[in-house]
2 protein chains.
Amino acid sequence: MEPESDQDVCGQWSETLRVYHDTSCELENELQSLHRLGLSEFEVLQILSGQCRSNDGKVKMKDLEAEMYLSQSALSRTVTRLEKAGLVTRAACDFDRRANFLALTDAGRERWEAARPTHNAVLRKHLA
Amino acid sequence: MEPESDQDVCGQWSETLRVYHDTSCELENELQSLHRLGLSEFEVLQILSGQCRSNDGKVKMKDLEAEMYLSQSALSRTVTRLEKAGLVTRAACDFDRRANFLALTDAGRERWEAARPTHNAVLRKHLA
DNA sequence: TGACATCCAATGCACGTACATGTAACTTGA
DNA sequence: TCAAGTTACATGTACGTGCATTGGATGTCA
C-alpha cells in the first residue's frame, strides 16, 4: 500500500491496455473466423451455458446484463442476433411478463462447445 | 512458469476485463464532461505533448499509429476531429509528401495540461 | 526512363455500442 | 381500486471503429 507515482500507475495502465487489446482483438478474430461468433456473443453463450454459475438453463436479461460489460440496449440487440441465428430462445416469464427468460438451443450449445477451446487457447497464449 | 488451468486464465481474464472496463469507462466520462475530450483524443494529445518519448513537437501519423491501439482509419478521423477543434495541426512533410507531421497548437497543449490531472486521478483511483 | 510494387493517408461503408426514449407490466400508497 | 412511480425490455438515433478501397507519392529494378 505504498504510494504510487504517476509514472507507476501510467505504466500499469499501459500494460493493462496492451493485454486487453491484444487479447480481445485475437479473441474477436478467432471466434469470428472459426465459429462465426462475436466476442460478446460468445460471452452470452458462455453465461447461458451455466459454465459460470449454475442455472436451470434459463437466465433473465437483467441477470445477464449484470454479468456483462455491455449496456442494456447493446445486450438486447446481441441477444436478437443470437436468436436470429437460432442459438438462443427468448421465452416470456410466467410470473413477470416484462421479463424474458433466455435459454440455449441445441445449436447454441453445440456452437459454444465448439468455440470454447478456441477461446481458452487464446487466453492461455496471452495470459499464461 | 507452472502450467495454468483454464480456470486460472479465465479468472485472470475476468479481472483484466473488470479493470479495463471500469477504468476506461470512467476515463471516458470524466474527460468528456470536464474537458470535452474522448479517451483516444486525449491519448493523441498525450503522445503529441512529448510526454512519452521526446519529439521535436512533430509526429508522423504512422508513428502515432504505432503507439496507439487504433486502426489507421480511426486514427485519421480522430486527428480530423482534433484538427477541427483547433487542438492539433496537420503539416505536410517536406521530405516525404505522403506523410503528415502533426503538432499541438497552443490550445491543444492547454487542453491537455488541463485534462492530465483528471486522467491521472482516475488511474490512481482504479490502479493504486 | 518506364513499369510495377509499396507506402501514407483519406474516405465509403457496415457494424456494434451507448444514450435517450417508448411501451408494456408490475408495485406502491392513499 | 386507481393514479403515480418503477422496472424490463425494445427501438430510434448518433457516433466511433474496423475493413476495404482509393488517390497520390515514393521506391525498385530492368
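Within every chain, numbering begins at 1; the chains are lettered A, B, ... in the order of the sequence lines, protein sequences first and strands thereafter.
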Is any side-chain N or O of A/Arg98 under 3.5 Å from a base N or O of D/dC9, one able to act as donor and the other as acceptor?
->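 Between D/dC9 and A/Arg98, which were checked side chain against base, a qualifying N/O pair under 3.5 Å is absent.
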
Below the 4.0 Å mark, does [N] have OP1 or OP2 next to a side-chain nitrogen or oxygen of [X]?
X: A/Asn100; N: D/dA10; answer: yes
X: B/Ser40; N: D/dT17; answer: yes
X: B/Ser76; N: C/dA9; answer: no

Please determine, for the side chain of [X], which listed nucleotide ([options]) has the closest atom?
X: A/Gln72; options: D/dG18, C/dA9, D/dT11; value: D/dT11
X: A/Ser71; options: C/dA18, D/dG18, C/dA24; value: C/dA18
X: A/Asp96; options: C/dA25, D/dA25, C/dT17; value: C/dA25
X: A/Arg77; options: D/dA20, C/dA18, C/dA25; value: C/dA18
X: A/Arg97; options: D/dT26, C/dA25, D/dT17; value: C/dA25
X: B/Arg81; options: C/dA10, D/dT11, D/dT17; value: D/dT17

Give the minimum heavy-atom separation between B/Trp13 and A/Ser24, together with the two atoms involved.
->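 Between these two residues, the closest heavy atoms are CH2-N, 3.9 Å.
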
Sidechain N-carboxylate O distance under 4.0 Å for B/Lys60, B/Glu65 |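 Salt bridge absent between B/Lys60 and B/Glu65.
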
Taking NZ from A/Lys62 and C1' from D/dT7, how many angstroms apart are they, rounded to a whole number?
->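 Rounded to whole Å, this separation is 7 Å.
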
Tell me: CG of B/Leu75 to P of C/dC8, nearest whole Å?
->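 Rounded to whole Å, this separation is 13 Å.
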
Looking at OG1 of B/Thr16 and CG of A/Leu127, how far apart are the two atoms once the value is rounded to the nearest 0.5 Å?
->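 Output value for this atom pair is 6.0 Å.
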
